[in-house]
> 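Pasting a structure here, questions to come.
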Amino acid sequence: RSLEKLKSAALEIDPSGNRISYYSTDLTDQNSVESSAKTIIEKEGVPDVIINSAGAGEWLSFKEATVSHFKEAMESPFLATALTCKVFYDKMQKRGNGHFIIINSAAGYFAFPGATGYTPARWAMLGFSRSLQADLYNSNFKVSMIAFGKVESPYFENNPRSEERIPKIANWLIPTMSLTATGKVIAKTVKSRRRIVNKPFMLDVLVFFNRFLPGMFGWLMRITGYK
């Protein structure tokens, strides 16, 4: 987010400007992330909770995509998330605890036409979350992954072609969530420290049944998806 948008959000939360600090960085650039993390720790201290919510990438078919598209799709959110967790974890170790929250998409559970760069990056986020949970299991560090369905966010405003490619079966069954609703889910997860959270509820139901009927779900995604 730009500094102006961050400032606006900070003042909305706290009009006095005393409780909220904000920083802007390029999460796809290692030097930028390391420099920002150092500044934040020096000024604010080592964070208790890191919420990874950066994400980008237009939904493109294999025919439409360029070679660079796949690299860019992995840079954010996957590499950005892994890098952000790592730079803060190295400092958190001295304290001995921390909580990483990784925001993912429902696309991390399913495969559908027209998003050959976007979807694999979200599968990578799921794999990273589970691997990090396993790696830090016997420690005081917690890792939570939250997967959301469609959210009323600026993402689809900036990527209308991507919105058109959401499989119709998903639009029929999974209600769109507001930004306020997703914020409440994240805040609740900070407190509960649940390992896996899928919202809205119907998404959790579909993820459950997809484990047992992957072929059927794949077929439904294909016949109601991008042509």
> Whether Lys71 and Glu75 form a salt bridge (side-chain N of Lys/Arg under 4.0 Å from carboxylate O of Asp/Glu) is what I want to check.
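A salt bridge links Glu75 with Lys71.
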> State plainly whether the residues Arg165 and Glu64 are in salt-bridge range, i.e. N to O under 4.0 Å.
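Salt bridge: yes.
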> So do the side chains of Ile186 and Ile51 get within less than 4.5 Å of each other, counting heavy atoms only?
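Sidechains of Ile51 and Ile186: in contact.
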> So, Phe112 versus Trp59, ring centres under 6.0 angstrom or not?
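Yes.
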> For the side chain to side chain contact (heavy atoms under 4.5 Å, CB included) test, which of Ile101, Val87, Thr84 pairs with Ile50?
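Between Ile50 and the candidates, side chain to side chain contact (heavy atoms under 4.5 Å, CB included) is satisfied uniquely by Thr84.
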> Would you please name every residue forming a side chain to side chain donor-acceptor pair (under 3.5 Å) with Arg161, sequence neighbours left out?
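Expected list: Glu58.
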> Crowded around Glu42 CD? As in, over 12 foreign heavy atoms under 6.0 Å?
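It does: Glu42 CD has more than 12 such atoms within range.
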> Are there more than 12 heavy atoms of other residues, nucleotides or ligands under 6.0 Å from atom NZ of Lys227?
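Correct, the count exceeds 12.
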> Applying ring pair (Phe, Tyr, Trp, His ring centres under 6.0 Å) to Tyr137 and Phe141, what does each step give before you reach the verdict?
CA-CA 7 Å; Tyr137 186 78; Phe141 285 86; over 10 Å; no
> Should the pair Lys142 and Phe100 be classed as cation-pi, given the thresholds of under 6.0 Å to the six-membered ring centre and 45° from the axis?
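No, Lys142 does not lie over the aromatic ring of Phe100.
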> Taking the six-membered ring of Tyr118, is the NZ or CZ of Arg122 close enough (under 6.0 Å from the centre) and on axis enough (within 45°)?
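Judged by the rule (NZ or CZ under 6.0 Å from the ring centre, within 45° of its axis), Arg122 counts as positioned above Tyr118.
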> If you define the side chain from C-beta out and look only at heavy atoms, does anything of Thr176 sit under 4.5 Å from Val151?
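No, side chains not in contact.
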> CE/Met145 to CZ/Arg130 distance, rounded to the nearest 0.5 angstrom?
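Answer for the CE-CZ pair, Met145 versus Arg130, is 6.5 Å.
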